[in-house]
Structures are given as C-alpha cells and as structure tokens.
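Here is the structure we will look at.
Sequence lines set the chain letters: A, B, ... in the order given, protein chains first and strands last, and positions in each chain run from 1. Treat the numbers as computed from the prediction; the structure is a model and nothing was measured.
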Protein chains: 2
Amino acid sequence: MAMRKVVERQTGVALWRQIADRIRLAISNGDYDATGMVPPETALAGEFGVNRHTVRSALAALAEEGLVRAVQGRGTIIERKERVSYPISKRTRFSQGLGHQVKEIGTRLIAHTEVPATGEVATALGIRPGDPVIELRTVSSGDGRPLSVSSSYYPAHRFPRMAEEFERLHSVTKAFAAHGLDDYVRASTEIVARHADAEELSMLQLSPGAIVLEAQSLNADLNGIPVEFSRSRFAADRMKLRIET
Amino acid sequence: MAMRKVVERQTGVALWRQIADRIRLAISNGDYDATGMVPPETALAGEFGVNRHTVRSALAALAEEGLVRAVQGRGTIIERKERVSYPISKRTRFSQGLGHQVKEIGTRLIAHTEVPATGEVATALGIRPGDPVIELRTVSSGDGRPLSVSSSYYPAHRFPRMAEEFERLHSVTKAFAAHGLDDYVRASTEIVARHADAEELSMLQLSPGAIVLEAQSLNADLNGIPVEFSRSRFAADRMKLRIET
DNA sequence: CTCAAATGTCTATTGATCTAGACAACTGTA
DNA sequence: TACAGTTGTCTAGATCAATAGACATTTGAG
C-alpha cells in the first residue's frame, strides 16, 4: 500500500510547488530508477492526497526545468537526475574538478567595475571601507546550463589590471600571475542556503521559489594577505559542494 | 532613494513568504543594525511594491518564529539575528565551535537500530551492502531551538556497542574511545540544499517551504579506514556552514 | 483492430491570497 | 496637550490556487 505523503496547506507555499519539490527529490534519490519514469499522475495524486490537476502543475514545473518530459499515452519520462559536484579545497580552481562531469564549461565575464569597498568586502579583504576594489561579475555554465553567478572583489591598488587580464586570459589564476602573484590558497568559506532573489532567478534560469547555495570565500596569498573575496551563488538543484580537507 | 526590490508573482510561493525570507536575510546580514528595528510597514510595502497587508503577513510569520516583535505605536523590534555558524574542518566535533554562539547545546538520541547497510552507506564506509551497521538518529538544538537532525552509521562489527556508549557518554568521540579508537578525522563532506521534507519540517520545527542544508560526511581513522558516515540536515535559516581548510 | 492506460484540454466552483481604503489605538516628542 | 509616526483591525473586491468532473488524444499490448 502506498503511504499517504503529507503536504501542508495554507503555508504560503502552493501545493503544486511542494509536490514538485518532493518529486524532484525522489528523482535525485533514484526512487524511480526501476522504470526511468515518474509514476502516473493519478497515482501521484493519490499518494499526496490532492487533485490530479495539482500534480499536473507540479510536473509542468519540473518539465519547465528540463527534469522530466511528459509523453501523451506513455507517461512522464525522467530526463536528468544528478547534480554537478563542485569541489572546495585549499586550492580550488573553478575549471578543475568539473572536468569529467560536464563536457563543456564556460565562464563569462558579464561586468567589471572599480568601486569603493563596502563594509563587508573591506573587512574580508583587510582594507579600509571606501578603498578601491575591482569587482568582477561572472556567470559559469556547464553544457549550456548556468551553474553559478559570482561577484569577486580584488584590492585595486595591488591588482589594478584585474578586469583586463581576466578578459584576456579567461582565468583568475593567470590574471593573478600577470600581477606577479604565482600562488594563492583558500583561507575560509562560509555556506548558506536561501531562496533565490529575482536577479539570481533570471541569471541562473531558475523558476521562482528555487534555492541557491551561497558560498562566501576568501583567498589569500602564501603570506596570508587576502587577495580575493568572492560571493558565488550556485543553483542548488544542479550542484552539490564537495569539501575536501 | 530606496531601490525597488522585486518579488515575483504566480510562482507557487506566496508573496508574504518571499518577503518574509528577504527580511529574514536582511536581518541576518545586519542591514537594520543601526536601529535594531525593521523599517516601518509602509516603507517595506513601498520597497517591495506590495500592499501593506502583505508585508504584515510576512512580519507576522517572522514574529511567529520569534525573530521580531511588533509594538504598536513604535515599530517592529528585532529580537534575534544571527545564524549559528557550524564549523567543518578536519577535526570537527559538534559541541566545539558552537560554544560561544549559543548558551546551551543539547544533542538528543531519538533512535538507534542495527540495520543492513544500504548501497550508499556501504559504499561510503567501504563495506559490503547488507553488512550490519548501527544507525544513530539524533537531534541537536541550541538554546532550545532545533538546529539539525542527523543519521549516523557505524560498522557494527568494529563498534558493536556504539548506541549504548553514546547514550551513556553523550559524545561520539567518547563512544569511539570506548571502542579503542582515540582519534579520527573528517575525510570528505558533500553539501546540498533543498526544500525540507515533511519529517524534517516537524523535527526541526520549520514551516513548509523551508530550506535544509544537507551535509553528508565521512570520518575515518588515522589509517584512512572509514569509521562513520553521517547525513546531517541543518535548518538553513538558522545555520551557516563554515569551511576551515 | 481493440482496449486499457496514460497524458491533454476544457468548464465550473470554492477557498486562499493580495489589493485598496479607511480608521482606531498606541508611542514618543515637541 | 497636540501631533506625527507607527502598528492593529475591519470591509470589500480582484486574482490565484485547488478541487471536481467530463471527455479527447496518444501509446503500447494483446
């Protein structure tokens, strides 16, 4: 007998969205691997104790994400299930580690500005608020789907040509090298999870209500002097973070 | 001029809940530290481009969580702001590191069983599927609020008295010591974020639509032999994870 | 071909969410 | 005391979410 799976009402989260989340989780857990298909709409409606139309709304949302594809007469086919694993270690470089998981990786610079450091950035980089920093905003994608958006901050007095070098070399590591910094390590990372805001929704091509994993990390040179502070926001349903100690 | 903060409609997540999430985030970011109060309801309604009643629903939800308290005639006072920071490093022990952030920590054993290892657990622990493992399920709280639920798995042949020793000593480290294991280190951790399921909602006292951070971690002895595999789920709006490399 | 099983589409109705406006009640300051 | 600024409460209407039922369309198996 199928156990009745509880969904809650009047909580500000529509039933179809709660059900979409549950089905997405079941897919990534491999619950439907035997058939490669989601159970029929009527069966799901029974399990969750809701109308079939409500289940259809949930499946439509998952189809929109590209996770499933409904075929009339047959059923709803699972198109994709795993999350890409992103490594976090003392020497994380973005393009490494993803290599074997996605065929084609791209990091695109979408904006660069020189701005006065805000309190948070200044504290992290160990400079005074208002000191100039260079901000790079990038979007990274794997196989054509956006995986993360990042804002990175560099002390402008030490790395004045950061934006130009990054644009030319397409690599933070090489842009550092062009300024005479040959090595750097990750000093700390803090991770929180929250709902995506409107900008993140559009840049990561997420549907509203989606979750982002935000990692704030600080890189330092071998003397412990901070060289980069970055806030990366990952599409939580496409990525997992792997901590390597 | 206050920038218009966008919230999205027809997304399955009620506006009041999106706004509650945004205000919660602003509080934990310290955006309102100057006054210790949330901006007036009319100001928030303007910022988010919604009716004042919608903002009131959001604030009512935050008041229900104990995060703010409305006082007629004065405003809405912030009662509590920080997320507890949970350290992840080579030698993380739960009760350490939280020490100064919360006054009183409790870890409660809610169930223990000996079960055959499932594929995932067996792979992680380097044993055969079906080999006996001891599963401990615990809930940890800080200052009376649940922070995480965990399921931990130990090879039963090596640590046969894990449940009893943990119950007696209230510490995994000491229970390991009682089996003759004096030191162990964290080998790897994987982090994902997703919506909480029904069980997590009730055990962590979350409202539906809430987010959990799930960390799967593997601890090994000094020879690199796995001794513990655990899945911890943290209430994302109360915690951040801090990676120490 | 026939039929069962599955998804696709339509209409109608109910309850929850959001907007709009008005006014009451309370607080701190001038 | 008077007043500006704030939260509390009420009513009414518009829009969205969910239910209910009926029937069409497509697929695969017998």
Counting only pairs under 3.5 Å, give me each side-chain donor-acceptor contact of residues 131-139 of chain A, with atom names and distances, residues two or more places apart or in other chains.
| residue | atom | partner | partner atom | Å |
| --- | --- | --- | --- | --- |
| D131(A) | OD2 | R128(A) | N | 3.1 |
| E135(A) | OE2 | Y153(A) | OH | 3.3 |
| R137(A) | NH1 | S151(A) | OG | 3.1 |
| R137(A) | NH2 | E199(A) | OE2 | 2.4 |

List, one per line, each side-chain donor-acceptor pair under 3.5 Å for residues 109-126 of chain B, sequence neighbours excluded.
| residue | atom | partner | partner atom | Å |
| --- | --- | --- | --- | --- |
| E120(B) | OE2 | Q216(B) | NE2 | 3.4 |
| T123(B) | OG1 | G119(B) | O | 2.7 |

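The side chain of R56(A) sits closest to dT7(C) out of dT19(C), dT7(C), dA17(D).
The distance from atom CG of L15(A) to atom C1' of dG15(C) is 12 Å, rounded to the nearest whole Å. Rounded to a whole Å, the CZ atom of R69(B) is 14 Å from the C1' atom of dC26(C).
When base pairs are accepted only as Watson-Crick or G-U wobble with both N-N or N-O distances under 3.5 Å, DNA chain D takes part in stems of 3 or more pairs at C:1-30 with D:1-30.
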Checking side-chain contact (heavy atoms from CB on, under 4.5 Å) for the pair E214(A)/K240(B): CA distance, chi angles, key distance, verdict? CA-CA 10 Å; E214(A) 174 171 329; K240(B) 60 183 173 187; over 6 Å; no

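A salt bridge links E190(B) with R242(A): the closest approach of a Lys/Arg side-chain nitrogen to an acidic carboxylate oxygen falls below 4.0 angstrom. Classification of R22(B) and E47(B) as a salt-bridged pair fails, no side-chain N sitting under 4.0 Å from a carboxylate O.
Within the structure, the salt bridge (charged side-chain N to carboxylate O under 4.0 Å, His left out) test picks out the following pairs touching residues 51-62 of chain A (sequence neighbours left out): E41(A)-R52(A), E41(A)-R56(A).
At least one side-chain nitrogen or oxygen of T54(B) sits closer than 4.0 Å to the OP1 or OP2 atom of dT19(C). Distances shown here put a side-chain N or O of T76(B) below 4.0 Å from the OP1 or OP2 atom of dT7(D).
Residues of residues 36-44 of chain A that place a heavy atom closer than 4.0 Å to DNA chain C, in numerical order, are P40(A), E41(A).
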Treat primed atoms plus P, OP1 and OP2 as sugar-phosphate and everything else as base, then score nucleotides 20-30 of chain D 5' to 3': B for base contact with protein heavy atoms under 4.0 Å, S for sugar-phosphate contact only, - for none. BB---BBBS--

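Between V38(B) and L62(B), every side-chain heavy-atom pair lies at or beyond the 4.5 Å cut-off.
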